[in-house]
Amino acid sequence: MPELPEVETTLRGLAPHLIGQTVSDVSIRTPQLRWAIPPQLPGLLRQQTIRALHRRAKYLLIEFDHGTLILHLGMSGSLRLLPIGTAALPHEHFDLILDNGTLMRLRDPRRFGAVLWHSGDAMNHPLLAKLGVEPLEENFTGPYLFQATRMRNAAIKLIIMDHHIVVGIGNIYANEALFHAGIRPEMMASKLSKPRSARLVQTLRETLISAITQGGSSLRDYVGSDGNAGYFQQNYYVYDRAGEPCRTCNTAIKQITQGQRSSFYCAVCQK
DNA sequence: ACATCTACCTGGAGGC
DNA sequence: TGCCTCCAGGTAGATG
């Protein structure tokens with residue numbers, strides 16, 4: 001499931017192959033993912049040159065002179081570069097065909113992803129305009145998190161997954177970062193002290209950066225490789241380890257439900 | 001404004 | 001083996 005590190009790794013893998021290339025055509029095999037893929041995309045993109053790639057939260061932005069192609073991988077999406085003419089398999093919904101003989105193909109079995117177009121500044125798109133800070137940028141600080149949680153009557157795990165506050169933190173890394181910070185996921189956000197806020201910001205950063213580093217080194221080639229490109233399995237400390245021993249103290253990891261999602265924690269290491 | 005719930009979709013796991 | 005049910009996930013949008 002692509003969280004921020006997977007999206008960032010995908011971006012880094014694709015960028016050198018896409019920037020400066022010109023689109024010769026667009027192929028839409030599935031008209032509707034989370035939202036409809038704009039049917040006018042082929043006309044909009046033919047003969048247009050890719051100028052830059054960016055990431056905002058978990059959105060991948062492919063920038064042209066007259067607008068931006070906005071991609072979201074949902075929870076099962078992946079992007080690969082393949083030679084033109086490669087037959088599409090099931091769940092391969094969308095191709096951006098380049099005039100250098102390759103195409104960028106979107107595969108997304110669960111179809112929670114999105115392909116959208118925005119003319120003008122993508123940051124003004126309704127999906128992007130109200131997003132919170134990037135966890136890896138300098139404005140995500142201990143004081144910022146402390147201030148943002150003062151009036152919030154909700155568990156800290158739900159707060160760090162709220163993209164109005166900080167973007168890109170999914171269930172896996174929320175659980176992992178809370179473990180490394182020694183904070184229980186159910187802790188009321190408004191009761192988090194300043195030092196613990198700072199610590200959590202630090203462990204969120206470290207957890208994400210570590211995943212990006214591992215992903216980058218374990219990643220297979222984006223060009224013509226198998227379907228696993230873009231994903232990487234880590235050695236989690238708590239996520240999906242209910243009943244297994246804590247790697248620090250051997251206590252059995254607990255599982256609870258918060259906001260209809262599973263949380264995992266060590267009752268000894270996290271207070 | 002904030003908290004909580006629902007819906008979307010499909011592959012995989014587990015039960016029978 | 002086959003069928004059934006349940007679960008996972010991100011996040012917009014509805015509801016309280």
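Reminder, nothing fancy here: chain letters follow the sequence lines and each chain counts from 1.
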Exercise answer: donor-acceptor pairs, residues 155-168 of chain A side-chain atoms, under 3.5 Å, sequence neighbours excluded:
from: A/K157; atom 1: NZ; to: A/N171; atom 2: OD1; distance (Å): 2.5
from: A/K157; atom 1: NZ; to: A/S262; atom 2: O; distance (Å): 3.3
from: A/K157; atom 1: NZ; to: A/S263; atom 2: OG; distance (Å): 2.9
from: A/D162; atom 1: OD1; to: A/H164; atom 2: N; distance (Å): 2.8
from: A/D162; atom 1: OD1; to: A/H164; atom 2: ND1; distance (Å): 3.0
from: A/D162; atom 1: OD2; to: A/R152; atom 2: NH2; distance (Å): 3.4

Side chains of residues 179-195 of chain A: which donor-acceptor pairs under 3.5 Å do they make with residues two or more places apart or in other chains?
from: A/R184; atom 1: NE; to: A/Q270; atom 2: O; distance (Å): 2.8
from: A/R184; atom 1: NH2; to: A/A267; atom 2: O; distance (Å): 2.9
from: A/S193; atom 1: OG; to: A/R196; atom 2: N; distance (Å): 3.2

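For the pair A/K157 NZ and C/dG10 C1', the computed distance is 12 Å after rounding to whole Å. Between the CG atom of A/N171 and the P atom of C/dA8 there is a distance of 9 Å, rounded to whole Å. To the nearest angstrom, P of C/dG10 lies 14 Å from CD of A/Q258. Going from atom NE2 of A/H125 over to atom P of C/dT11 covers 14 Å, rounded to whole Å. Rounded to a whole Å, the CD atom of A/E3 is 12 Å from the C1' atom of C/dA8. Summarising the geometry, the separation between NZ on A/K58 and C1' on C/dT11 is reported as 9 Å, rounded to the nearest angstrom. One atom, NE2 of A/H164, and another, C1' of C/dT11, lie 10 Å apart when rounded to the nearest Å.
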For nucleotides 8-10 of chain B, which of its nitrogen or oxygen atoms have a protein nitrogen or oxygen under 3.5 Å away, and what is each distance?
from: B/dC9; atom 1: O4'; to: A/R110; atom 2: O; distance (Å): 3.4
from: B/dT10; atom 1: OP1; to: A/R111; atom 2: NE; distance (Å): 3.2
from: B/dT10; atom 1: OP1; to: A/R111; atom 2: NH2; distance (Å): 2.1
from: B/dT10; atom 1: O2; to: A/R110; atom 2: NE; distance (Å): 3.0

Pick out the pairs of N or O atoms, protein on one side and nucleotides 3-5 of chain C on the other, that lie under 3.5 Å.
none

Under 3.5 Å, which protein N or O atoms sit close to an N or O of nucleotides 2-4 of chain B? Give each pair with its distance.
from: B/dA3; atom 1: OP1; to: A/N153; atom 2: N; distance (Å): 2.5
from: B/dA3; atom 1: OP2; to: A/R152; atom 2: NE; distance (Å): 2.3
from: B/dA3; atom 1: OP2; to: A/R152; atom 2: NH2; distance (Å): 2.6

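Proximity of A/Y239 to the phosphate of C/dA8: no side-chain N or O atom is located under 4.0 Å from OP1 or OP2. Side-chain nitrogen and oxygen atoms of A/H72 include at least one within less than 4.0 Å of the OP1 or OP2 phosphate oxygen of C/dT11.
No side-chain heavy atom of A/L11 sits less than 4.5 Å from a side-chain heavy atom of A/V7. The shortest distance between side-chain heavy atoms of A/I70 and A/L60 does not fall below 4.5 Å. Using a 4.5 Å heavy-atom cutoff, the side chains of A/L4 and A/P135 are in contact. In this structure, A/H93 and A/D108 have side chains that are in contact, with non-hydrogen atoms separated by less than 4.5 Å. Using a 4.5 Å heavy-atom cutoff, the side chains of A/T22 and A/Q48 are not in contact. Two residues are said to be in side-chain contact when any heavy atoms from C-beta on lie closer than 4.5 Å; A/R34 and A/H72 fail this criterion. The side-chain heavy atoms of A/P39 and A/P31, taken from C-beta on, include no pair separated by under 4.5 Å.
The distance between the ring centers of A/W117 and A/H125 does not fall below 6.0 angstrom.
Seen from the ring of A/Y239, A/R241 does not count as a face-on cation partner, given the 6.0 Å and 45° thresholds.
Residues from residues 128-136 of chain A that place a heavy atom under 4.0 Å from any atom of DNA chain C: there are none.
Each of A/Q255 and A/W35 lies near DNA chain C, and the nucleotide nearest A/Q255 is the one positioned closer to the 5' end.
For the atom pair CG of A/D25 and CD of A/Q47, the computed distance is 9.5 Å after rounding to the nearest 0.5 Å. Remark: A/Q147 CD to A/T149 OG1 distance equals 8.0 Å, nearest 0.5 Å.
In terms of modelled atom types and a separation under 3.5 Å, the side chain of A/E92 and the main chain of A/L106 share no donor-acceptor contact.
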